[in-house]
Amino acid sequence: MHMAVPYSSDEGFLHLVGPHVERALGEGRHVLAITAPARLDLLDGRVERRVAARWYEHPPRTLAATHEYADGRRTLIVGEPPWQSEAWIRFESVLNAALRGQACTALCLYAAPPEHMWLTHPAQLAPDGVRPSERYVEPHDLILDSDRAPLADPVGEVRAAAFTAPELARLRQLVADYARSAGMERNLISSLVLSVSEVAANSVEHGAGHGTLKVWTNGREVVCEIIDPGGSLADPLPGYIPPEPESQRGYGLWISRQLCDLVETRTDAGVLRVRLHQRLR
């Protein structure tokens, strides 16, 4: 169950959430609360606590951490996610798919309910009980404005290199050298190189068997774009949900979303473009 919880005061927060927390604790569930410190202090001392500003820093990593917390055990998660960007709206939507099949109830707090709340939550927790949302959209059907928008044109000088399987090692070295010369911190370089390698390997193994890398910097980040002329994304939520441990596929984009600041994908006329953004420091 994934419910939106609009509230207008600390008293309203406790009135709505408190009974669910006490019931879950009484049932032996693991309870995690993620909100502002002042509201965390209002809850039962047995509740696990995280400060929202630190938990909600990076949507894909937060999604993975939430999935890990709920996986295989009975849980209640009370969170107050940010919603001012489409990346967090996507997080709220994909959470329905990530937690499907888990014995988990997720309550999302909103001091000022946004319009998209009705699209990303199957139900609302109100003072008079649970209300289903007639406007709810399944995660794989939700289309945001950024999904339709064309990718921005590269800034400045662009380096390009074609690759096949034998060139993957050279491709990794090219990215590492470029990021280093742009002034990127060492640990971030490793993350970017691994991400590019994973996506390029997918193009070789599951796409056209070859592709093109483009790389540039805008002074704040390095951007790498892998172009696969025979690629496609069968998964409607590519790279958002951790692959099953026994799966042989699905790790490339998931790893890239975990390691990079932003991953964008577009498919047009049979050409797949995956764009990876990594800050310099």
Review point. Run the salt bridge (charged side-chain N to carboxylate O under 4.0 Å, His left out) check on R100 and E138 step by step: do they pass?
Key: CA-CA 12 Å; R100 190 161 289 153; E138 286 289 343; 3.0 Å; yes
Point to revise | R49: salt bridge (charged side-chain N to carboxylate O under 4.0 Å, His left out) partners, not counting sequence neighbours | key: none
Is it true that [X] and [Y] fall in one hydrophobic cluster, defined by side-chain heavy atoms closer than 4.5 Å?
| X | Y | result |
| --- | --- | --- |
| L107 | V47 | yes |
| L42 | I34 | no |
| L213 | V204 | yes |
| L76 | L99 | no |
| L151 | V215 | no |

Could you measure the distance from the [atom1] atom of [X] to the [atom2] atom of [Y]? Nearest 0.5 Å is fine.
| X | Y | atom1 | atom2 | value |
| --- | --- | --- | --- | --- |
| Y136 | D141 | OH | CG | 9.0 Å |
| I226 | L276 | CD1 | CG | 4.5 Å |
| L142 | D147 | CG | CG | 7.5 Å |
| R74 | T105 | CZ | OG1 | 10.0 Å |
| L272 | T265 | CG | OG1 | 7.0 Å |
| K214 | I227 | NZ | CD1 | 4.5 Å |

Under a 3.5 Å distance rule, please check whether [X] uses its side chain to pair with a backbone N or O of [Y] as donor and acceptor.
| X | Y | result |
| --- | --- | --- |
| R275 | L262 | no |
| T217 | E221 | yes |
| H58 | C260 | yes |
| S197 | V193 | no |
| R170 | F163 | no |
| D261 | R279 | yes |
| T75 | H30 | no |
| R257 | P238 | yes |
| E198 | L253 | no |
| T267 | S232 | no |

[X] atom [atom1], over 12 foreign heavy atoms within 6.0 Å:
| X | atom1 | answer |
| --- | --- | --- |
| E68 | CD | no |
| D268 | CG | no |
| Q84 | CD | yes |
| R73 | CZ | yes |
| D128 | CG | yes |

**Study point:** Ring centroid separation W88 to F91 under 6.0 Å
**Key:** yes
Practice item. For the pair Y69 and R50, evaluate side chain to side chain donor-acceptor pair (under 3.5 Å) and give the outcome as yes or no after the intermediate values. Key: CA-CA 12 Å; Y69 184 85; R50 304 289 187 276; over 6 Å; no
Practice item. Under the side chain to side chain donor-acceptor pair (under 3.5 Å) rule, what do E167 and H210 come out as? Steps first, then yes or no, please. Key: CA-CA 10 Å; E167 281 85 42; H210 60 92; over 6 Å; no
Review point. Do the charged groups of R266 and E225 touch, with an N to O distance under 4.0 Å?
Key: no
Check your understanding: side-chain contact (heavy atoms from CB on, under 4.5 Å) with H2: which residues, sequence neighbours excluded?
Key -> L95, N96, A106, C108, H121, P122
Review point. Can you name the nearest heavy-atom pair linking G207 to D228, along with the distance?
Key: CA-OD2, 3.4 Å
Exercise for review: List the atom of P6, the atom of L16, and the distance in Å for their closest heavy-atom pair.
Suggested key: O-CD1, 3.3 Å
Can I get a per-line list of side-chain donor-acceptor pairs under 3.5 Å for residues 17-25, giving both atom names and the distance, sequence neighbours left out?
none

Point to revise | Derivation of the side-chain contact (heavy atoms from CB on, under 4.5 Å) call for E11 and L14 | key: CA-CA 5 Å; E11 292 75 16; L14 274 180; 5.9 Å; no
Exercise for review: Kindly indicate, with the supporting measurements, whether the criterion side-chain contact (heavy atoms from CB on, under 4.5 Å) is fulfilled by T62 and E57.
Suggested key: CA-CA 7 Å; T62 302; E57 290 183 329; 5.7 Å; no
